[in-house]
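In what follows, a single structure is set out as structure tokens and then discussed.
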Amino acid sequence: MRYLILSDIHSNLEAFEKCVNTARGHYDEVLCLGDLVGYGPDPNAVIEAVRELASLTIRGNHDKACAGLTDAEDFNPLARAGTLWTREQLTPANLAWLQKLPSGPCEVSGIELVHGSPRDEDEYLVESYDTAPAFEEATSAVVFFGHTHLQGGFVSTPGGSSQPIHCYGVENGCTLKLHIEQGLRYLVNPGSVGQPRDRDWRAAFAIFDSDQRLVEYYRVAYNLSATQEKMRKAGLPEPLITRLQFGR
Ligand code: ZN
């Protein structure tokens with residue numbers, strides 16, 4: 001089975017469509033690691049597209065906040081502005097769907113899906129030294145996570161320490177093929193579809209082939225200026241618009 005794994009779409013329809021179109025024909029099922037909304041200009045269109053496409057979607061912290069399950073008080077002012085704007089846009093049906101999204105971890109044929117980490121859906125796994133509790137809590141050898149908007153992840157070495165997984169690629173397409181080795185454990189971050197923060201503005205996703213035990217990481221350029229134009233028209237804060245082009 002080949003899974004297209006999408007995370008942190010953040011209401012960016014152009015980035016989402018580019019990822020799905022690039023991956024077309026290379027996957028059997030779509031899994032979504034949360035944060036469909038928040039920041040970007042197309043919350044309803046993104047929710048409707050993911051509802052249609054994904055066989056499993058778990059919630060992220062922005063989904064919770066935009067659905068009114070949490071307040072946005074611990075968000076920075078820009079993220080809060082995006083949340084409040086999104087709440088006003090959501091149709092009743094999409095709001096209701098967002099409110100019912102399951103929290104991670106969820107298990108799909110031997111892999112584990114979380115938004116932040118296996119022990120806490122809101123935890124950020126940024127550095128290797130942060131990852132020991134997450135590896136301890138993980139119930140499968142391969143965990144897919146998002147939340148940090150950083151493509152890559154971590155592999156635990158036989159000695160018990162953890163190493164970062166680095167993806168490089170100037171060309172659009174596959175940035176890394178990662179073979180899942182017997183005896184090692186992995187935390188895999190496909191990167192953010194709609195708001196990357198690893199200084200590469202291009203949309204990120206991953207495809208996991210469970211038979212070949214292979215993760216392919218991808219980066220693809222999308223119509224960024226169209227997204228930014230929609231954000232300006234919507235009156236979203238300018239720093240949210242400019243950060244997209246810097247991948248920050
Ligand atoms: Zn996010």
Side-chain angles (χ1 to χ4, degrees), residues 5-16 19 30-43 45-47 49-50 54 56-87 89-90 94 98-99 101-106 113-118 120-127 130 134 143-153 187-206 217 219 222 224 227 231 236-237 239-241 243-248:
I5 305 190
L6 304 174
S7 191
D8 298 280
I9 302 164
H10 284 294
S11 302
N12 188 331
L13 187 65
E14 288 71 27
F16 170 83
C19 291
V30 178
L31 306 172
C32 181
L33 305 180
D35 275 4
L36 283 72
V37 295
Y39 297 122
D42 279 311
V46 164
I47 288 174
V50 171
L56 179 69
T57 301
I58 59 173
R59 69 185 187 184
N61 55 320
H62 284 261
D63 302 321
K64 282 192 287 181
C66 292
L69 298 175
T70 53
D71 58 36
E73 288 310 304
D74 59 335
F75 282 12
N76 66 53
L78 293 171
R80 194 180 312 135
T83 301
L84 299 178
W85 181 86
T86 302
R87 282 180 187 169
Q89 310 302 314
L90 289 174
N94 288 337
L98 208 58
Q99 285 170 334
L101 281 179
S103 63
C106 285
L113 308 176
V114 301
H115 183 64
S117 104
D120 179 351
E121 61 180 332
D122 295 334
E123 181 183 16
Y124 290 92
L125 300 176
V126 177
E127 304 287 353
D130 293 332
V143 177
F144 284 90
F145 74 103
H147 195 36
T148 62
H149 302 204
L150 307 171
Q151 191 177 50
L187 293 164
V188 177
N189 191 330
S192 168
V193 170
Q195 201 192 85
R197 292 186 192 147
D198 43 16
R199 295 166 194 261
D200 182 342
W201 66 273
R202 297 174 302 167
F205 67 91
Y217 293 90
R219 254 3 227 269
Y222 68 97
L224 169 71
T227 307
M231 291 175 80
L236 284 158
L240 292 182
I241 300 169
R243 76 185 293 182
L244 278 184
Q245 75 212 44
F246 300 108
R248 301 275 315 258

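Quick caveat, the model's predicted, so the values are computed rather than measured. As the structure lists them, so they are numbered: ligands from 1, and atoms in each ligand from 1.
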Those residues at least two apart in sequence (or on a different chain) that pass salt bridge (charged side-chain N to carboxylate O under 4.0 Å, His left out) with R202 are D200
message = Going by the rule salt bridge (charged side-chain N to carboxylate O under 4.0 Å, His left out), which residues pair with D63 if we only count those two or more places apart in sequence or in a different chain?
response =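 D63: no salt bridge (charged side-chain N to carboxylate O under 4.0 Å, His left out) contacts found.
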Query - Mutual orientation of the aromatic rings belonging to H10 and H62 [parallel < 30°, tilted 30-60°, perpendicular > 60°] - result: perpendicular
- Query: Among V37, T86, T57, whose side-chain contact (heavy atoms from CB on, under 4.5 Å) with L98 holds?
  - Reply: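 Only match with L98 under side-chain contact (heavy atoms from CB on, under 4.5 Å): V37.
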With R248 as partner, the option from H149, R199, R197, Q195 fulfilling side-chain contact (heavy atoms from CB on, under 4.5 Å) is R199
Residue pairs passing the side chain to side chain donor-acceptor pair (under 3.5 Å) test with at least one member in residues 64-81, sequence neighbours excluded, are K64-E121, K64-D122
Sorted by chain and number, protein N/O/S atoms nearer to the Zn ion (ligand 1) than 2.8 Å are D8 OD1, H10 NE2, D35 OD2, H149 NE2
